[in-house]
Protein chains: 2
Amino acid sequence: MDKEDQLKLDNQICFPLYSVSRLITKAYKPFLEKMGITYPQYLVLMVLWEHGNLSVNQIGEKLLLNTNTLSPLIKRMAKIDLLNRTRSTEDERSVRVELTEKGKDLKNLASEVPQKLLNRLLSEEVELTDVMLLKNTLDKWITDLTHKSEIKT
Amino acid sequence: MDKEDQLKLDNQICFPLYSVSRLITKAYKPFLEKMGITYPQYLVLMVLWEHGNLSVNQIGEKLLLNTNTLSPLIKRMAKIDLLNRTRSTEDERSVRVELTEKGKDLKNLASEVPQKLLNRLLSEEVELTDVMLLKNTLDKWITDLTHKSEIKT
DNA sequence: CAAAATTATATCGTGCACGATGCAAATATA
DNA sequence: TATATTTGCATCGTGCACGATATAATTTTG
C-alpha cells in the first residue's frame with residue numbers, strides 16, 4: 001500500500017472506528033431515550049451500578065474521561081435526580097457521587113438493553129456490515145502493527 | 001454470561017469502541033495540529049483529495065454525516081481558506097465544495113501522517129493494549145452475533 | 001512550620017454530533 | 001399547470017469532548 005492509498009478513508013483505522021462508534025451509539029439511542037438518558041450518562045450509571053458510590057475522579061478513571069467532561073455531565077444527572085453529589089468530609093476536595101433510588105431502579109430497565117441491542121443489530125443489515133468492515137480493518141491494522149514491531153525488535 | 005455481567009462496562013461493545021475511537025483521535029491530534037485542522041476536518045479533506053470537488057451532500061454520504069454537522073464544519077474550513085463554497089448553477093440548492101491551493105497542498109503534509117501514527121502507537125504501550133482489548137471484544141461480539149443469527153435462520 | 005507542589009473539582013471556549021425545524025429550489029403528481 | 005412532495009442545505013438547541021485555566025484543599029519539602 002503506497003502513501004496515496006494510505007490516505008484513503010477506509011485504510012485509516014480512525015474512520016471506521018469513528019463511524020462505527022457513532023453508529024452503535026445511535027443504535028442504543030431508542031432504548032436509552034425510554035430511560036430518559038444519553039449514552040455517556042448510561043456509561044456513568046453502569047460504572048456506579050457495578051462499583052457503588054465513587055468520586056468524580058474514580059468515575060473518570062473507569063471511563064477515561066476528565067472532569068471537564070464529567071463535572072457538567074454529573075451535574076445534569078443530578079438535576080434529573082439520578083444521583084446525588086456530596087463533598088467528602090475527610091477530603092473537602094473530593095465529590096462523592098451516590099445513586100438515588102431512581103438511579104438504582106434504572107438498572108432493571110437497563111438489564112434488557114444489551115439483548116435488545118443485539119436483536120436490533122441482527123435485523124439491521126447495514127449496521128452489521130459496517131461492524132464487519134471495522135473488524136477487517138482492525139485485523140489488518142493489527143497485523144501490520146505486529147509485523148512492524150517484530151522488525152523493530 | 002448473565003444479565004448482570006452484560007451490564008458491565010467491558011462487556012458492552014459500545015464502550016471499548018467509544019473509548020478507543022476517542023483515544024485514536026487523540027493520537028492523531030499532534031499531527032493534525034501542525035496542519036491547523038481538527039480530526040473531522042481531516043476527514044473532509046481526505047474525501048476531497050480522493051474524489052475531487054463534491055457537494056456537501058456527497059461528502060456527507062462518504063462520512064456518514066448530515067448537513068447539520070457538515071454545514072458549520074465546512075464553513076469553518078472555508079474561513080481558514082482550505083476550500084471554497086459555491087452554489088451550483090444547474091441546481092441552486094446544491095453547494096459545491098472545492099479545495100483551495102492551500103487545501104490541496106496540505107495533502108503533502110498529510111501523506112506522512114499514517115506512518116507517523118503507526119510509529120507513535122508502537123511506542124505507546126497503553127494505547128496499543130486498549131486497541132487489542134477492542135479487537136478481542138469485537139471478535140467475541142461478532143462470534144456471538146453470528147451464532148445468534150444461525151439460530152434464527 | 002511555611003512555601004511549594006500536587007490533587008480534586010470546576011469553568012470557559014471551541015468544535016463537533018444530531019434531532020427538530022425551516023426554507024427555497026427542483027421534481028413529481030393530480 | 002397548479003399543487004404536493006422531495007431534495008439540498010442551513011439554523012437552532014442540547015449535550016458531549018477536551019485543552020487551558022482557575023481555585024481551594026491537601027500533601028510534600030526545605
A:S94 vs C:dT9: side-chain N/O to OP1/OP2 distance below 4.0 Å: yes

Just to confirm, is there a sub-4.0 Å distance from OP1 or OP2 of C:dT11 to any side-chain nitrogen or oxygen of A:K75? yes

What string of B, S and - do you get for nucleotides 13-22 of chain D, 5' to 3', if B is base contact, S is sugar-phosphate-only contact and - is no contact with any protein heavy atom under 4.0 Å? --SSBBBB--

What is the distance from [atom1] of [X] to [atom2] of [N], rounded to the nearest Å?
X: A:L54; N: C:dT9; atom1: CG; atom2: P; answer: 11 Å
X: B:R85; N: D:dG8; atom1: CZ; atom2: P; answer: 16 Å
X: A:I74; N: C:dT9; atom1: CD1; atom2: P; answer: 9 Å
X: A:D91; N: C:dA8; atom1: CG; atom2: C1'; answer: 7 Å

For B:Y39 and A:Y18, I'd like to know if the aromatic rings sit close, meaning centre-to-centre distance below 6.0 Å. yes

Can you find a heavy atom in the side chain of [X] that is under 4.5 Å from one in the side chain of [Y]?
X: A:R85; Y: A:V56; value: no
X: B:T137; Y: B:L17; value: no
X: B:L133; Y: B:T129; value: no

If hydrophobic clusters are built from ILVMFWY residues whose side chains come within less than 4.5 Å, do A:L63 and B:L23 share one? no

Please classify the nucleic acid contact of [X] as base, sugar-phosphate, or nothing, using heavy-atom distances under 4.0 Å.
X: B:T67; answer: base
X: A:E90; answer: sugar-phosphate
X: A:R96; answer: nothing
X: A:S88; answer: nothing

Answer yes or no: side-chain N or O of B:R93 and base N or O of D:dT7 forming a donor-acceptor pair under 3.5 Å. yes

Which pair of non-hydrogen atoms, one from A:P114 and one from B:Q12, has the smallest distance, and what is that distance? CG-NE2, 3.6 Å

Scan A:D105, A:N84, A:L106, A:I80 and name whichever one has a side-chain contact (heavy atoms from CB on, under 4.5 Å) with A:T100. A:N84

